[in-house]
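Presented below is the structure to which this report refers.
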Amino acid sequence: MSICKGCTHNVIVSQEILQELVQDAEKEGRKIVSEEVFEKRLNMCNSCPSLQYGTTCMHSGSLIHYRAKLEASTCPYPHGSKWLGA
């Protein structure tokens with residue numbers, strides 16, 4: 001099991017928990033991107049050398065499957081967003 005360095009929780013998060021996080025964000029009024037945009041963002045994250053554990057962005061510490069769903073989110077890559085155009 002891999003542990004998050006910042007919070008000591010398991011870095012592997014189930015689909016159910018990710019879905020709950022997205023539902024909570026929607027209830028708070030946050031806009032969610034289309035499935036097409038989500039898949040494009042996720043593909044960019046999955047090919048990024050800053051991806052850790054297959055789940056976590058090294059630059060933001062956020063779960064990519066959650067961050068990529070939120071319309072207002074951006075890619076935090078320090079040399080420029082990899083999501084431009086997605």
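In the hydrophobic cluster analysis, where Ile, Leu, Val, Met, Phe, Trp and Tyr join through side-chain heavy atoms closer than 4.5 angstrom, Ile32 is grouped together with Leu18.
To the nearest 0.5 angstrom, Leu42 atom CG is 9.0 Å from Leu51 atom CG. His65 NE2 to Arg41 CZ: the interatomic distance, rounded to the nearest 0.5 Å, is 13.5 Å. One finds the CD atom of Gln23 at 7.0 Å from the CD atom of Glu26 (value rounded to the nearest 0.5 Å). Rounding to the nearest 0.5 Å places NZ of Lys82 at 10.0 Å from SG of Cys57.
Of all heavy-atom pairs between Phe38 and Val33, the closest is N-CG2, 3.7 Å. Minimum interatomic distance between Ile64 and Gly54 (heavy atoms only, all atoms of both residues): CD1-O, 4.4 Å.
Remark: Glu16 pairs with no residue by the salt bridge (charged side-chain N to carboxylate O under 4.0 Å, His left out) rule, at least two apart or across chains.
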Validation: residues 67-81 side-chain donor-acceptor distances under 3.5 Å, sequence neighbours left out:
residue	atom	partner	partner atom	Å
Arg67	NE	Thr74	O	2.8
Arg67	NH1	Ser62	OG	3.3
Arg67	NH2	Thr74	O	3.0
Lys69	NZ	Glu35	OE1	3.4
Ser73	OG	Arg67	O	3.2
Ser81	OG	Trp83	N	3.0

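Residues Asn43 and Lys40 have side chains not in contact (no heavy-atom distance under 4.5 Å, counting atoms from C-beta outward).
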